Amino acid sequence: MTTVRIPAGWPATEEQARAVQDELRERVVLDEPGPPPGTGHVTGVDVAYDDERDAVAAAAVVLDAATLAVVAEGTAVGRISFPYVPGLLAFREIPTVLAALEALPCPPGLVVCDGYGRAHPRRFGLASHLGVLTGLPTIGVAKNPFTFTYDDPEPRRGSSSPLLAGREEVGRALRTRDGVKPVFVSVGHRVDLDTACAHVLRLTPRYRLPESTRRADSLCRRALREAVAD
DNA sequence: GCGACAG
DNA sequence: ATCTTGTCGC
C-alpha cells in the first residue's frame with residue numbers, strides 16, 4: 001500500500017476548486033462509445049474516511065469483465081485533502097484514488113466511480129475529473145439522485161428513465177434488481193451513456209450496486225482500519 | 001433569503 | 001462518509 005501526499009497547488013478554497021473544474025471540463029471526451037461490455041478489465045474505486053484522525057484510504061479493484069473475478073487490487077492511504085462540499089467531492093477523493101490506481105500491477109480498463117460524472121452542477125463530477133486526469137474511460141454510479149429529478153423506472157431489472165437537470169438528460173436512473181431502488185448512472189470520460197448502463201447491468205448479477213464498487217468499498221474500509229491501527 | 005445537496 | 005443490534009423477509 002502507498003502513502004499519498006496532497007499535491008502541490010491543490011485547491012485550498014471552494015472558489016479555486018470550481019475554477020479548476022471549469023478549466024478541466026473542456027477536456028472531457030463524450031464522443032467515444034467506450035470499451036465493449038464483458039471484455040477486458042473493469043475497475044472499481046472507492047474511498048473511506050476517518051475525519052477524527054484526518055485519515056483517508058482508497059482502493060482500486062480490477063475485475064475480469066467477463067467473469068467478474070478479481071484480477072488485482074491496489075490501495076493507498078493519506079490525509080484528507082478537502083472538506084466534503086456537494087459538487088466538489090472530487091477534491092476530497094482524487095489524490096488517494098489516483099495513488100490506488102497507480103499501485104495496480106495491470107491496466108484498469110474501464111473505471112467505475114462511486115458518485116457522478118456528467119450529472120453534476122457544472123457537468124464535471126468525480127468520474128469526469130478522474131477520467132480527464134488519467135485518460136481512462138470512466139463512469140459514475142451513485143446511490144442517490146443528488147439534486148436531479150427522475151421518474152421511477154418500471155419495476156424490472158434493466159429498465160431505466162432519464163436523470164434530468166431541467167430538460168437535459170445528464171444520466172439515467174437504472175434498475176439493477178427487480179423492485180429495488182435504482183442506481184444513478186452518468187458518463188465520465190470516453191464512454192457513452194448506453195454503454196455505461198450496459199456495463200452496470202453486467203456488474204450487477206446479484207446485488208443493487210456493481211460488484212466493482214462493492215469490492216472497492218470493502219477493501220478501502222479494511223485499508224483504513226489497518227492504517228489507523230498502527 | 002432559506003434549504004437541499006454525490007461521498 | 002460515519003455512528004450501529006436486531007430483525008423482518010426472501
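Below, chains carry the letters A, B, ... as their sequence lines are ordered, and counting in each starts from 1. Predicted, not measured: the structure shown is a model, and the values here were computed from it.
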Identify which nucleotide among [options] has an atom closest to any side-chain atom of [X], counting heavy atoms from C-beta outward.
{"X": "Asp46(A)", "options": "dG7(B), dA1(C), dC5(B)", "answer": "dG7(B)"}
{"X": "Thr147(A)", "options": "dC5(B), dA6(B), dT2(C)", "answer": "dC5(B)"}
{"X": "His120(A)", "options": "dG7(B), dA6(B), dT2(C)", "answer": "dA6(B)"}

What is the nucleic acid contact for Ala119(A), judged by heavy atoms within less than 4.0 Å: base, sugar-phosphate only, or nothing?
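No contact at all - Ala119(A) keeps every heavy atom at 4.0 Å or more from the nucleic acid.
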
Touch check for Gly140(A), heavy atoms < 4.0 angstrom, all strands: base, sugar-phosphate only, or nothing?
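It contacts nothing in the nucleic acid.
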
For Tyr84(A) and dA1(C), say yes or no: do the ring centres fall under 5.5 Å of each other while the ring planes differ by less than 30°?
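Here the ring of Tyr84(A) and the base of dA1(C) are not stacked, as the 5.5 Å and 30° limits are not both satisfied.
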
Decide, yes or no, whether a salt bridge links Asp217(A) with Arg214(A) under the criterion of side-chain N to carboxylate O below 4.0 Å.
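No, no charged N to carboxylate O under 4.0 Å.
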
Could you tell me whether Arg222(A) and Glu226(A) make a salt bridge, using a distance below 4.0 angstrom between a side-chain N and a carboxylate O?
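No.
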
For a quick test of reading the model: is some side-chain N or O of Lys143(A) closer than 4.0 Å to OP1 or OP2 of dA6(B)?
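Answer no for this pair, as no side-chain N or O of Lys143(A) is under 4.0 Å from OP1 or OP2.
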
For dC5(B) and Asn144(A) - does any side-chain N or O of the residue sit under 4.0 Å from the phosphate oxygens OP1/OP2?
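So the side-chain polar atoms of Asn144(A) never come under 4.0 Å of the phosphate oxygens OP1 or OP2 of dC5(B).
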
Could you label the plane-to-plane angle of the Tyr150(A) and Phe184(A) rings as parallel, tilted or perpendicular, counting under 30° as parallel and over 60° as perpendicular?
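Correct class here is perpendicular.
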
What class does the angle between the rings of Phe148(A) and Tyr116(A) fall in, given that below 30° is parallel, 30 to 60° is tilted and above 60° is perpendicular?
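Rings of Phe148(A) and Tyr116(A): perpendicular, as their planes differ by over 60°.
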
Euclidean distance, atom CG of residue Asp54(A) to atom P of dT2(C) [Å, nearest integer]:
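That distance rounds to 15 Å.
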
